[in-house]
Structures are given as structure tokens and as C-alpha cells.
Amino acid sequence: MSANKSKVAVNNSRRAFLSKTASTAGMITIAPGVLLHQVANAKPDDQPISEKVRWGMLIDTNKCEKGCTDCIDACNAEHSLTDNGRPESDTQYIRKVTLRDKSTGHELSLPLMCQHCETAPCVDVCPTGASFTRKDGIALVDKHICIGCRYCMMACPYKARSFVHEAVKNQTLSAPRGKGTVESCTMCVHRVDKGETPACVEACSKGMHDAMIFGDLNDPNSKISKSLAQYGGKQLRADLQLNTAVRYRGI
Amino acid sequence: MTNRFLRITFLLVGLGLLYPVLGSADTPKPVIHEPEGEGVKCVHPEEEMKRNHMNYILHQRDDTMYDGIRTEKHSLANCIDCHVQPGKDGKIASIETEEHFCKGCHEYAAVTIDCFECHADRPQKFINRGGKNNASLQQDLQTMLSAGTASGDQ
């Protein structure tokens, strides 16, 4: 599959960037947490989202298998991200990154996607207001007003955004996308609004890896909050103080 | 009296003569394929939809984008679900052709919209992705996941 090639091609700068985070991290061995992917109390369709909720994700890098692409495959299918065999320009919402601790030789692998920052640099720089964070913390592009200037792509420290260079055909009905706009992981808003979990998280647990938890960071009783409280989790490049909604354990 | 009678007759004859001209095939008319089936009705009365359909979907667009409101009624996906069905030849008309519900009338009224550069122009079950429809892709994914082949080298 040529997706693998693409991962190799883009990973280099990312690795350098992330290793800053990893070098300081001692390895934490974690007891297997109980992972749940169900979200309780789905919002009714006609109710607006609320700022009481902050959706987040916790990724346990100790459980994330090297070379596994379950989350990426599910994401690509969900959003009809097509592989044109041009890794430099094809859209990727999730990329697998491998980090190596030079002193121990320990390697870990993690999925990297939009970190859904609270104070998002992409939102700051957007000239049209197309980049925004929803009340529930999900960072999005309103493609209806995106002019494709790609400022946000430059501002994003995680390089999480892609530009659609080519006309798109056969999109899924729930994930519209087209040429000339910027896009990135939407934390599967169309599913989350209906009380479902993001496609990647679902695939990870279906594949029996259970390396991803999705849930409400603001609710102390949610699975994700409890797990974070008990075993901890880190933000990538926490020094940037972006307060990301995606957290990692084991880095 | 006779004069008046004549005038009215001429008028009627004139109208009668004009009628076939007005209704003739020379006058262009929009191609509109409406959904068939008993009791199938639009989300609002036809006259209202003719004039104001754009307001409903544009409003819904912002409600969904910013507030996560996912009601079906005015959602573009819902319009497409009901309005775009296979024709007599069993095929779905693409948005590029006048046979597509949203295109025929717009073509006639010289309205250009870009919505379908991103949005699917047909219901999900008719979306063909690289020879596979979504259902079969889903199945592939499931088989792959259950076989556990996803990890390994591909």
C-alpha cells in the first residue's frame, strides 16, 4: 500500500519536532486501563452544542502497535480521503509517527492528528474566520468560507492540516470535501454530534488494540478524565501552552 | 352591441390562437424531475420551496457548522436523499447533467452553485468509490480488522 510510503516521506521533520517531547519522557508502564468507547447521553439533534463539554482523546502509546494503520484506514474511509500516490500533497488527517529514544533505543509509535488546541494558532491567523473552534473544543475549518490561503497550515506546530490540491469525486455524504480548501481531523464531528465515537477510536478498539479513548475532558466521571486522573497523560509540546485536547501516555 | 360582441370574439380567438404558441415546445422550460411515489411530499409546500429553498439550506449550513445541529429536515443530505433517485434507466443523474434535480432548474435560471464540488450529489448508497460502494468498503474494513491483518506490512 502506498500509504506506507507517504508515512515515511513526511515523518522526518515531525520526528525531529516530537523528539523534543520524547527525550524528556521516562517510560511509564501502565496497568491495562479499562477502555470504553461509548459516549453516554447523546445530544438531541436539534440542540446546539455546549461549552460545558470539551471533547478530547487519550492515546496510550504503549498500546499503539508499530506498523498498525487501523486508525488511519478507518479515517480515510470515513472521510473518503483518497490516495493519489502523491504523499507530499495528499490529504492526511492522521499520520503514524515513530519516535526513538536514542539512549535506550526504545521505539514508540503514535498517531498524530489535529490536537484540537484551546488557543489554536490556526484560528489566530485565519484571515476569513474559517478556522474556528467549536464551543465543545473541536477545531474545524468552515470550508464554506475558507479561501485556501493556507496560512493555518503554516501556523500549525503539528503540521496537522492539508490542502486539497485536486478535484475530489465520490465523497461520502457525511464528509464533504473539495478542491481549494484546507482540512484536517474533525474529530468526526458528524459522528460525535450523534453520540458516536470518532472512526479512528472505534477502529482501534475493534482491532483489539484499545490504544485510544475518546470522551469529555470536562466531565470528571468520564472514562477519559478518570484515566487521565489515575494514570496521567501528556500534551505534545506542552511548552507551547496550547492546551491541546489530544493527550498521549507513554511519551 | 355587435361591435362589442365582435371585439370580444376577436379577443377570445386571439387568446385561443396565442395559447398553443405560449405552450409550444419552442418555449424553453426547466427540466425538473420530482420524486415519485405516493404521499411523498417536500419539507415545505412546493411554492415555498421554489422561492426559498436556498434560505433553508444556507441557514441549516451555519447551524450545523457552528452549533452542531443535526436535524434532518433542512439538511442538504436530506434533500439529496429524497430528490436524487435512479431514473428509468436505473442510473443516477450526475450533478453535471440537467437530469439532476438541482441542476436542471439552475441551468434554466442561470444559477451557478459550487456546493457539489464538496457535497455528494447522490444518496450514500449510490456513491461509488473506486469501483466499490461505501457498504462494501465498510465490509472490507471489517474483514481486515477482524483478521488482524492491519498491523503487519502492507
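Since the model is a prediction, treat every value here as computed from it, not as a measurement. Chain identifiers are assigned alphabetically (A, B, ...) following the order of the sequence lines, protein sequences preceding nucleic acid strands; residue numbering begins at 1 within each chain. Heavy-atom basis, side chains included; hydrogens, waters and symmetry copies ignored.
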**OP:** Tell me, yes or no, whether the heavy-atom count around Met208(A) atom CE, taken from other residues, nucleotides or ligands under 6.0 Å, exceeds 12.
**Re:** no
**OP:** Give, for atom CG of Asp62(B) and atom CG of Asp142(A), the distance between the pair rounded to the nearest 0.5 Å.
**Re:** 7.0 Å
Original post:
Counting only heavy atoms not in Tyr151(A), do more than 12 sit closer than 6.0 Å to its OH atom?
Top reply: no
Original post:
Counting only N and O atoms by type, is there a donor-acceptor contact under 3.5 Å from the side chain of Lys43(A) to the main-chain atoms of Gly68(B)?
Top reply: yes
Original post:
Any salt bridge between Asp67(B) and Lys135(A), counting N to O under 4.0 Å?
Top reply: yes
Original post:
Can you name the closest pair of heavy atoms from Val141(A) and Met65(B) and give their distance?
Top reply: O-CE, 3.5 Å
Original post:
When the ring planes of Tyr66(B) and Phe132(A) are compared, do they come out parallel, tilted or perpendicular, using 30° and 60° as the limits?
Top reply: tilted
**OP:** Select one option (side chain, backbone, both, neither) describing which atoms of Asp81(B) are under 4.5 Å from chain A's heavy atoms.
**Re:** side chain
Subject >> Rounded distance (nearest 0.5 Å) linking atom CD of Gln171(A) with atom CG of Asp121(B) >> reply: 8.5 Å
Original post:
Are the side chains of Glu72(B) and Asp45(A) in touch, meaning some heavy atoms are under 4.5 Å apart?
Top reply: no
Original post:
Got a sec: does the NE2 of His165(A) have more than 12 other heavy atoms crowding it under 6.0 Å?
Top reply: yes
Subject >> Minimum heavy-atom distance Cys118(B)-Gly178(A), with the two atoms named >> reply: SG-N, 3.2 Å
Subject >> His144(A) versus His119(B), closest heavy-atom pair with distance >> reply: NE2-NE2, 3.9 Å
Original post:
Relative to chain B, which segment of Ile49(A) carries a heavy atom at a distance below 4.5 Å: side chain, backbone, both, or neither?
Top reply: both
Subject >> Nearest heavy atoms of Ala120(B) and Leu173(A), plus distance in Å >> reply: CB-CD1, 3.4 Å
Original post:
Within a reach of under 6.0 Å around CD of Glu107(A), are more than 12 heavy atoms found that belong to other residues, nucleotides or ligands?
Top reply: yes
Original post:
Roughly how far apart are Gln47(A) CD and Arg70(B) CZ, rounded to 0.5 Å?
Top reply: 14.5 Å
Subject >> Spacing of Lys169(A) atom NZ and Glu117(B) atom CD [to the nearest 0.5 Å] >> reply: 9.0 Å
